[in-house]
Amino acid sequence: MSTPCYVVGGGIIGLLSALELAQAGEDVVIIDRQPVGQEASWAGGGILSPLYPWRYPEAVHPLARWSQDIYPELAESLRRETGIDSEWTRSGLLILDAEDSRVGVDWCRSHGLNAELVDPEQLSRLEPGLRNGSGMAVSLADVAQIRNPQLIKALVQRLRSLGVGFREGLAVTGFRRTDGSLRGIVTESGVLPANRCLIAAGPWSAALLETVGLDLPLRPVKGQMLLLKGESAPVSHILIRGARYVIPRRDGRILVGSTQEEVGFDKSATAEARDLLFSAACEMVPELGNWQIERHWAGLRPGSPDGIPYIGRHPEIVGLYVNTGHFRNGIVLAPASARLAADLMLGRSALLDLGQFSLVRM
Ligand SMILES: Cc1cc2nc3c(=O)[nH]c(=O)nc-3n(C[C@H](O)[C@H](O)[C@H](O)COP(=O)(O)OP(=O)(O)OC[C@H]3O[C@@H](n4cnc5c(N)ncnc54)[C@H](O)[C@@H]3O)c2cc1C
């Protein structure tokens with residue numbers, strides 16, 4: 001009897017992987033221990049670029065480029081098919097006061113990105129709402145954003161229309177194997193017969209992999225965010241200074257991020273981070289001092305040591321695959337990662353060299 005192809009985890013990585021598999025004609029079921037799309041994939045900022053692209057390992061770049069190219073088409077096709085607009089918007093990104101601005105611009109240009117070094121005068125013409133006294137900035141005019149909670153809603157609706165199954169509220173606890181091949185997925189309420197399964201459970205993937213003898217160096221990295229509400233948005237670009245950023249959304253609100261905290265699976269939003277983020281935003285854009293904090297939350301990034309995701313097969317269990325470890329860039333990297341995971345599972349020729357994403361890479 002044929003069994004479905006299972007995806008464990010309904011974040012952006014699991015949902016897009018399921019879409020790739022379903023569009024290739026596979027019978028797909030997503031299992032999540034809670035309603036899908038409630039974790040980092042909901043909590044994230046939706047910037048469709050690594051924050052300082054030149055500071056990442058080379059392997060991240062082709063994943064980002066491929067995904068950036070496909071995002072407008074993906075958002076538009078989901079809008080057409082579901083009526084849900086995920087608000088893909090080319091806001092442009094201004095990176096303020098980076099000490100390696102010149103290196104950054106050179107790197108970006110050599111990687112085919114549209115990058116300019118902008119002096120303080122040009123900067124205040126581009127963004128009059130910025131605090132006076134900013135130094136040189138890097139402008140990446142093609143960088144876009146997406147409203148990730150909307151993207152998730154659209155994906156879920158699209159997947160349902162393709163007949164993908166959802167088993168929400170069901171936690172996976174392990175796997176059964178016989179003679180080196182996957183035979184079942186162990187859940188809280190029994191074993192599901194299975195011979196193909198993709199683990200896309202964010203930072204919780206590490207615990208699942210431990211049950212099958214694989215020690216992946218994956219850790220949760222907490223990030224806190226604020227949503228600000230005010231009169232009319234004083235900026236139109238995404239702005240980054242140091243580790244903090246400001247994202248002007250289409251609905252006039254502003255997102256402020258983010259912290260990077262190594263506190264295990266603790267997802268609490270703290271007063272300390274709220275104050276830090278708010279003052280960093282006001283430091284960049286003084287007018288935000290008159291805005292209200294409408295919401296404050298935290299999410300857990302699936303942190304890999306180098307920011308390079310793990311996309312590959314389990315080294316010993318035929319039929320068991322992994323797609324996780326996207327750290328700060330899971331939203332931007334998701335389309336390419338999903339395509340790669342599906343290439344691997346379906347035996348298609350792969351979009352990119354899979355070796356660099358292997359679970360057992362050195
Ligand atoms: C504050 C913040 C800001 C960010 N900003 C950006 C940004 O601007 N741009 C960008 O590209 N990225 C950003 N990121 C990173 C991005 O959000 C993540 O890399 C990405 O969402 C990870 O997606 P995922 O599907 O792997 O994991 P998740 O979204 O965590 O999904 C994992 C799913 O697995 C399920 N699950 C876990 N364990 C089990 C189990 N045992 N059984 C069944 N189901 C299970 C969970 O319930 C969850 O639904 C940000 C992250 C944070 C926290």
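Order of listing sets the numbers, starting from 1, for every ligand and every atom in it. Quick note: residue numbers are just sequence positions, from 1.
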Visitor: Heavy atoms only: give me the nearest F327-S304 pair and the separation to one decimal.
Guide: CD1-O, 3.7 Å

Visitor: For atom 30 (O) of ligand 1, which of E39, R328, R301, M225 has the closest heavy atom?
Guide: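 It is E39 whose heavy atom sits nearest to atom 30 (O) of ligand 1.
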
Visitor: Looking only at protein heavy atoms, which one is nearest to atom 44 (N) of ligand 1, and how far off is it?
Guide: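 The answer is R33 N, 3.2 Å.
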
Visitor: Checking contacts here: is it the side chain or the backbone of A201 that comes within 4.0 Å of ligand 1, counting heavy atoms only? Could be both or neither.
Guide: both

Visitor: Report yes or no: does E87 contribute a side-chain atom to a donor-acceptor pair with the main-chain N or O of R249 at less than 3.5 Å?
Guide: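 Not a single qualifying donor-acceptor pair exists.
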
Visitor: Counting heavy atoms only, which part of F327 comes closer than 4.0 Å to ligand 1: side chain, backbone, both or neither?
Guide: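 Near ligand 1, F327 shows its backbone, while the atoms from C-beta on stay back.
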
Visitor: Any heavy atom of G257 sitting closer than 4.0 Å to ligand 1?
Guide: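 The answer is no: ligand 1 sits nowhere under 4.0 Å from a heavy atom of G257.
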
Visitor: Given that the side chain starts at C-beta and the backbone is N, CA, C, O, which of these parts of S41 lies under 4.0 Å from ligand 1, counting heavy atoms, or is it both or neither?
Guide: both

Visitor: Quick one: which of G202, P302, G37 has a heavy atom closest to atom 22 (C) of ligand 1?
Guide: P302

Visitor: If the cut-off is 4.0 Å to any non-hydrogen atom of W204, which atoms of ligand 1 fall inside it?
Guide: 30 (O), 37 (C), 38 (N)

Visitor: Among all protein heavy atoms, pick out the one at the shortest distance from atom 2 (C) of ligand 1; state its residue, atom name and that distance to 0.1 Å.
Guide: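 Sorting protein heavy atoms by distance from atom 2 (C) of ligand 1 puts G44 CA, 3.7 Å first.
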
Visitor: May I ask you to identify the nearest protein heavy atom to atom 8 (O) of ligand 1, giving residue, atom name and distance to one decimal place in Å?
Guide: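 For this ligand atom, the closest protein heavy atom is I47 N, 2.9 Å.
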
Visitor: Looking at every heavy atom in both C197 and I185, which two are closest together, and how far apart are they?
Guide: SG-CD1, 3.7 Å

Visitor: G46 heavy atoms, cut-off 4.0 Å: which ligand 1 atoms fall inside?
Guide: 7 (C), 8 (O)

Visitor: Of the backbone atoms (N, CA, C, O) and the side-chain heavy atoms from C-beta on, which set of L170 has a member under 4.0 Å from an atom of ligand 1: side chain, backbone, both, or neither?
Guide: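 Backbone only.
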
Visitor: Go through ligand 1 atom by atom and flag the ones less than 4.0 Å from a non-hydrogen atom of G223.
Guide: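 Contacts of ligand 1 toward G223, numbered from 1: 1 (C).
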
Visitor: Which residue supplies the protein heavy atom nearest to atom 26 (O) of ligand 1, what is that atom called, and how far is it?
Guide: I13 CG1, 3.4 Å

Visitor: Side chain, backbone, both or neither: which part of Y245 comes within less than 4.0 Å of ligand 1 when only heavy atoms are counted?
Guide: side chain

Visitor: Which residue and atom name correspond to the protein heavy atom nearest atom 49 (O) of ligand 1, and how close is it?
Guide: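 Scanning the protein heavy atoms, the shortest distance from atom 49 (O) of ligand 1 goes to D32 OD2, 2.6 Å.
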
Visitor: Out of all atoms in ligand 1, which are within 4.0 Å of some heavy atom of Q34? Include the element for each.
Guide: 46 (C), 47 (O)

Visitor: Which atoms from ligand 1 have a heavy atom of N329 less than 4.0 Å away?
Guide: 10 (C), 11 (O), 12 (N)

Visitor: Considering non-hydrogen atoms of the protein only, which is the closest contact for atom 41 (N) of ligand 1, and what is the distance?
Guide: V172 O, 3.0 Å

Visitor: Judged by non-hydrogen atoms, does Q38 sit under 4.0 Å from ligand 1?
Guide: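 It does not; every heavy atom stays at 4.0 Å or beyond.
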
Visitor: Is there a side-chain contact between F278 and H296, using heavy atoms and a 4.5 Å cut-off?
Guide: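 Of all side-chain heavy-atom pairs linking H296 with F278, none is under 4.5 Å.
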
Visitor: Would you say A40 has any N or O atom under 3.5 Å from an N or O of ligand 1, going by distance alone?
Guide: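 A40 vs ligand 1: N/O contact under 3.5 Å present.
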
Visitor: Which heavy atom of the protein is the closest neighbour of atom 16 (C) of ligand 1, given with residue, atom name and distance?
Guide: G330 N, 3.8 Å

Visitor: Which heavy atom of R250 sits nearest a heavy atom of W88, and at what distance?
Guide: NH2-O, 2.9 Å

Visitor: Would you mind telling me which of L239, V118, V143, V138 makes a side chain to side chain contact (heavy atoms under 4.5 Å, CB included) with I95?
Guide: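 When L239, V118, V143, V138 are each tested with I95, the side chain to side chain contact (heavy atoms under 4.5 Å, CB included) holds only for V138.
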
Visitor: Let me see the working for R167 and S189 under side chain to side chain donor-acceptor pair (under 3.5 Å), right down to the final yes or no.
Guide: CA-CA 12 Å; R167 300 286 307 267; S189 5; 5.7 Å; no

Visitor: Give the minimum heavy-atom separation between Q224 and S268, together with the two atoms involved.
Guide: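 Between these two residues, the closest heavy atoms are NE2-O, 3.9 Å.
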
Visitor: Under 3.5 Å between some N or O of ligand 1 and some N or O of V332?
Guide: yes

Visitor: Quick one: are R65 and H111 in side-chain contact, heavy atoms under 4.5 Å?
Guide: no

Visitor: Could you tell me whether the side chain of D142 and the main chain of N114 form a donor-acceptor pair under 3.5 Å?
Guide: no

Visitor: I'd like to check which ligand 1 atoms, numbered from 1 as shown, lie under 4.0 Å from a non-hydrogen atom of G9.
Guide: 33 (C), 34 (O), 35 (C)

Visitor: Does R90 make a cation-pi contact with Y71 (under 6.0 Å, within 45 degrees of the axis)?
Guide: no

Visitor: Is there a side chain to side chain donor-acceptor pair (under 3.5 Å) between S91 and Q145? Walk through the geometry before answering.
Guide: CA-CA 7 Å; S91 323; Q145 58 166 297; 2.8 Å; yes

Visitor: Would I12 count as a contact of ligand 1 if the rule is a heavy atom under 4.0 Å away?
Guide: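 True for this residue.
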
Visitor: Ignoring hydrogens and angles, tell me if any N or O in the side chain of N148 forms a donor-acceptor pair with the backbone of L151 under 3.5 Å.
Guide: no

Visitor: Which residue owns the protein heavy atom closest to atom 5 (N) of ligand 1, what's the atom, and how far is it?
Guide: G45 N, 2.9 Å

Visitor: Just by modelled atom types, is the A200 backbone N or O under 3.5 Å from a matching donor or acceptor in the S205 side chain?
Guide: no

Visitor: List the steps, then state whether salt bridge (charged side-chain N to carboxylate O under 4.0 Å, His left out) holds for E261 with K267.
Guide: CA-CA 10 Å; E261 303 163 67; K267 250 188 4 178; over 6 Å; no

Visitor: Under 3.5 Å, is there a donor on one side chain and an acceptor on the other for Q34 and E39?
Guide: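 Result is yes, a qualifying pair exists.
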
Visitor: Below 4.0 angstrom from a heavy atom of A171, which ligand 1 atoms are there? Numbered from 1 as shown, please.
Guide: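 Reading through ligand 1 atom by atom, the close ones are 42 (N).
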
Visitor: Any atoms of ligand 1 less than 4.0 Å from a non-hydrogen atom of S258? List them with their elements.
Guide: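 Within the 4.0 Å cut-off of S258, ligand 1 contributes 1 (C).
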
